[in-house]
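Below is one structure, written out as C-alpha cells, with a few remarks after it.
By convention here, the first residue in the shown sequence is residue 1.
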Amino acid sequence: MPNTSQCRVCGGTVTEFFDFGRQPLSDAFLKPGTDFDKEFFFRLAVGLCETCTMVQLMEEVPRDLMFNESYPYFSSGSTFMRNHFESLAKRLLTTELTGADPFVVEMGCNDGVMLKTLADAGVRHLGVEPSASVADVAASKGIRVRTAFFELETAQDIVKTEGNADVIYAANTLCHIPYMDSILDGVAALLKPTGVFVFEDPYLGDIVERTSFDQIYDEHFYFFTLQSVQEMASRHGLELVDAERLTVHGGEVRYTLAPKGSRKPTQEMLDLLAQEKARKLNDRATLEAFGAKVLKIREDLVALLTRLRDEGKRVVAYGATAKSATVTNLCGIGPDLVEFVCDSTPAKQGRLSPGTHIPVKESAAFSAPYPDYALLFAWNHAEEIMAKEQAFRDAGGKWILYVPEVHVV
Ligand code: SAM
Ligand code: TMP
Ligand code: ZN
C-alpha cells in the first residue's frame, strides 16, 4: 500500500507517487566546521490528491526553518529575471493599475525585484516578505515592505491599515505555502471586487514534460495545474480567469484569479485547460511514468560522473541552486564526484551545500583554471550563463545537463 496524507487544499486523500528519500533544507548552506549531526533532514515525497487533483508534498517542513534572516536567495541575481519582472510591472501599469490611487500587494517580494518598477512609478504598494535577509534589501531600495508571513491575519490587518488591493501578486511564492486556506481567505478578504490575484509558479505540465524533478524540494510544496488551481480557487469564492505559459525557471504558468463571476475566462485559459485534460496531466499513471524517468536520470548521472572521476577529469558544478539539493541528495553526489560548485551569491560562498557538503565558491573560481566539465545545476538560467561563460566552451569545456535526460553539450 502506498503512503497517504491529507490534502492541504480539500482534505481528501493524497497518495504518494515518488519518494526522494532523506533530504536536507535546500537553502541551508552550512558553515565549514558545522556539526553535521545537527543538520535537519526530512523525507521528501510527492503525491496526488485523487479528489481535487492537487500534486503536493507528503510532509511539510516548518516555515521558520526555511524563511528567516538567513534565507540566501536574492531574486535580483539574474539579469533575465530582473527584465522578466520589470516587463510584468510595466504591463500591470497599463492594464490593472489605471484607476485612481491603485494599490498593489506582493507576497514574497524578496529583494524588491518586481515592486521597484511600481515604486519608481509612484504606485501605492506593500511587499509582505518573511525573510529579513531579502526584505531588508527591498526596504533599502525605498520599497514599503512588512517582514511577515502573508496569511489571513496579515491580510485583514492590511485591509484595516491600507485598504483593499487592486492587484495581489506572488511569483514563485504561492507554491511554497502549504497553509492554502489561510492564504486564499486572506486574498479574498484583501482584494477589491474588481481586483485580481496574479501568481506564477513552476507548472506541473513542464515538470512532467521535461522530467525536471529538481523542482521538487522542501520549499516547493505544491505543483499546480490549471485543473487543480481552478478547484482550489473555487473553494474561496475565487475563479481562474486567465493562464499564461512562461518560459522562466524551466516553465511556469502565470495564473489570474478574480472574485467569482467578476471577469470572463479567457480563451487562452480554456484552451490550456482542455490541453491539460487531453494530456491526462493529473492522472496517476502519468505521474508514475515521470517517477520511472527520474530513476533513469539518477542512474545515468551517477554513471557519467563516476566515469569522469575514474578518467581523472575535473568536474565542477555551476549554480548552488535550491533545486540542486534534490539532485545531489537523491544521487549521492558529494565532493568526491564534483570538486566544488560556483555561485554568484555572497551568502552561499564559502559554505557547504546542504546534505552532501560540496564546497561553494565564488564565480571567479570557475575559470581558475576551467574544469573539463561543468554540471549545470542552474539549468533554468542556461541561456544567460552559457552566453556569459562562452570562454569555457572556447577553452574546450563541456556542460553536463540532466534535464530532460543526461546529456553533454
Ligand atoms: N518573488 C521572488 C521571485 O520570484 O524571485 C521571490 C521568490 S522566493 C523563491 C520565495 C519567497 O517567498 C521568499 O523570499 C520567501 O521568504 C517568501 N515567502 C515564503 N512564505 C511566505 C509567506 N507566507 N508570505 C510571503 N512570502 C513568503
Ligand atoms: P534559481 O535557479 O533558484 O534561480 O537559482 C539560481 C542560482 O544560480 C542562484 O544561487 C544564483 C546562481 N547564479 C549564478 O551563480 N550565476 C548566474 O549567472 C545566475 C543567473 C545564477
Ligand atoms: Zn485535494
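- Listed by first then second residue, pairs satisfying side-chain hydrogen bond (donor to acceptor under 3.5 Å, both in side chains) with a partner in residues 103-123 read Ser75-Asn110, Ser76-Asp111, Lys116-Asp120, not counting sequence neighbours.
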Inset, instruction - Quick one: do Arg245 and Asp206 satisfy salt bridge (charged side-chain N to carboxylate O under 4.0 Å, His left out)? Show the steps, please. - result: CA-CA 10 Å; Arg245 286 190 85 158; Asp206 287 303; 2.9 Å; yes

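- When all heavy atoms are compared, the tightest approach of Asn164 to Leu190 is ND2-O, 3.1 Å.
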Inset, instruction - Test Val55 against Val46 for side chain to side chain contact (heavy atoms under 4.5 Å, CB included), laying out the working first. - result: CA-CA 7 Å; Val55 171; Val46 65; 3.7 Å; yes

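- Taking all atoms of both residues into account, the shortest heavy-atom contact from Ala121 to Leu93 is CB-CD1, 4.0 Å.
- Here the side chains of Leu191 and Ile168 are in contact, with some heavy-atom distance below 4.5 Å.
- Using a 3.5 Å distance cut-off with no hydrogens or angles, the side chains of Thr34 and Glu39 do not pair a donor with an acceptor.
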Legend entry - Intermediate values then yes/no, salt bridge (charged side-chain N to carboxylate O under 4.0 Å, His left out), Asp157 and Arg146: CA-CA 11 Å; Asp157 192 61; Arg146 261 192 212 195; 2.7 Å; yes

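- Listed by first and then second residue, the ring-ring contact (aromatic ring centres under 6.0 Å, His included) pairs that reach into residues 136-165 come to none, sequence neighbours excluded.
- Applying the side-chain hydrogen bond (donor to acceptor under 3.5 Å, both in side chains) test to every pair with at least one member in residues 53-62, sequence neighbours left out, gives these pairs: Arg8-Glu60.
- Around atom CD of Glu383, no more than 12 heavy atoms belonging to other residues, nucleotides or ligands sit under 6.0 Å away.
- No side-chain heavy atom of Leu376 sits less than 4.5 Å from a side-chain heavy atom of Ile400.
- In this structure, Asp343 does not pair ionically with Lys361, as no charged nitrogen and carboxylate oxygen lie closer than 4.0 Å.
- Listed by chain and number, the residues in a salt bridge (Lys or Arg N to Asp or Glu O under 4.0 Å) with Glu219 amount to none (sequence neighbours excluded).
- Residue pairs meeting the side-chain hydrogen bond (donor to acceptor under 3.5 Å, both in side chains) criterion with at least one member in residues 279-292, sequence neighbours excluded, are Thr225-Asn282, Arg284-Glu288.
- No donor-acceptor pair under 3.5 Å is formed between the side chain of Glu50 and the backbone N or O of Thr13.
- Within the structure, ring-ring contact (aromatic ring centres under 6.0 Å, His included) pairs that include any residue of residues 180-207 comprise Phe197-Phe199, Phe199-Phe224, Phe199-Tyr255 (at least two apart or interchain).
- Side-chain N or O atoms of Thr51 include none that pairs as donor or acceptor with a backbone N or O of Gly12 at under 3.5 Å.
- A donor-acceptor pair shorter than 3.5 Å cannot be found between the side chains of Glu162 and His125.
- Within a 6.0 Å sphere centred on NZ of Lys388, heavy atoms belonging to other residues, nucleotides or ligands number more than 12.
- Counting non-hydrogen atoms of other residues, nucleotides and ligands closer than 6.0 Å to NZ of Lys260 gives a total above 12.
- The environment of Lys398 atom NZ is sparse: at most 12 non-hydrogen atoms of other residues, nucleotides or ligands sit within 6.0 angstrom.
- What you find for Glu384 and Ser78 is that their closest heavy atoms are OE1-OG, 3.0 Å.
- Of the options Phe377, Trp379, Tyr318, a side-chain contact (heavy atoms from CB on, under 4.5 Å) to Ser324 is made by Phe377 and by none of the others.
- Ionic pairing of Lys192 and Glu96 is not present here: no N-O contact between side-chain nitrogen and carboxylate oxygen is shorter than 4.0 angstrom.
- Closest non-hydrogen pair, Leu25 versus Pro354, comes out as O-CB, 3.2 Å.
- At most 12 heavy atoms of other shown residues, nucleotides or ligands fall within 6.0 angstrom of atom CZ in Arg22.
- Side chain of Lys348 to backbone of Ala320: a donor-acceptor contact under 3.5 angstrom is found.
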Inset, instruction - Using the ring-ring contact (aromatic ring centres under 6.0 Å, His included) rule, take Trp399 and Phe392 through it: C-alpha gap first, then chi angles, then the decisive distance, then the call. - result: CA-CA 9 Å; Trp399 294 101; Phe392 166 60; 5.1 Å; yes

Legend entry - Criterion side-chain hydrogen bond (donor to acceptor under 3.5 Å, both in side chains) on Glu16 and Thr4, from CA distance to verdict: CA-CA 6 Å; Glu16 188 171 314; Thr4 59; over 6 Å; no

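- In the model, Asp201 has no side-chain atom that pairs as donor or acceptor with a side-chain atom of His176 under 3.5 Å.
- No donor-acceptor pair under 3.5 Å is formed between the side chain of Thr98 and the backbone N or O of Thr94.
- Heavy-atom minimum distance, Cys52 versus Glu231: O-CG, 3.6 Å.
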Inset, instruction - Show your reasoning for whether side chain to side chain contact (heavy atoms under 4.5 Å, CB included) applies to Thr147 and Glu129. - result: CA-CA 5 Å; Thr147 309; Glu129 171 54 67; over 6 Å; no

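- Looking at Leu287, Leu204, Val208 one by one, the single match for side-chain contact (heavy atoms from CB on, under 4.5 Å) with Phe223 turns out to be Leu204.
- For Phe80, the CZ atom counts as loosely surrounded, since its 6.0 Å shell holds 12 or fewer non-hydrogen atoms of other residues, nucleotides or ligands.
- Smallest separation of non-hydrogen atoms from Leu88 and Glu200: CG-OE1, 4.5 Å.
- Proximity of Val104 to Leu92: side-chain heavy atoms (C-beta onward) are nowhere separated by under 4.5 Å.
- Salt bridge Glu86/Arg82: absent, no basic N to carboxylate O contact under 4.0 Å.
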Legend entry - Check against side chain to side chain contact (heavy atoms under 4.5 Å, CB included), Phe29 and Val360: CA-CA 9 Å; Phe29 291 85; Val360 183; 3.9 Å; yes

Inset, instruction - Might you work through the salt bridge (charged side-chain N to carboxylate O under 4.0 Å, His left out) test for Glu151 and Arg63, ending with a clear yes or no? - result: CA-CA 12 Å; Glu151 55 196 335; Arg63 64 187 191 179; 3.4 Å; yes

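- With respect to the salt-bridge test (charged N to carboxylate O, under 4.0 angstrom), the residues Glu339 and Arg314 qualify.
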Inset, instruction - Please assess Leu57 against His220 for the test side chain to side chain contact (heavy atoms under 4.5 Å, CB included), listing each intermediate value before the final yes or no. - result: CA-CA 8 Å; Leu57 296 191; His220 286 179; over 6 Å; no

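- Between the side chain of Asp372 and the backbone N or O of Lys313 there is no donor-acceptor pair closer than 3.5 Å.
- Of the possible polar contacts, one joining the Thr328 side chain to the Ala325 backbone as a donor-acceptor pair under 3.5 Å is found.
- Put simply, the side chain of Arg43 reaches to within 4.5 Å of the side chain of Met58, judged on heavy atoms.
- In the model, Gln275 has no side-chain atom that pairs as donor or acceptor with a side-chain atom of Asp271 under 3.5 Å.
- With contacts defined as side-chain heavy-atom distances shorter than 4.5 Å, the pair Leu401/Val408 does not qualify.
- Of the possible polar contacts, one joining the Thr356 side chain to the Ile333 backbone as a donor-acceptor pair under 3.5 Å is found.
- Using modelled atom types, one side-chain atom of Asp166 and one backbone atom of Phe103 make a donor-acceptor pair closer than 3.5 Å.
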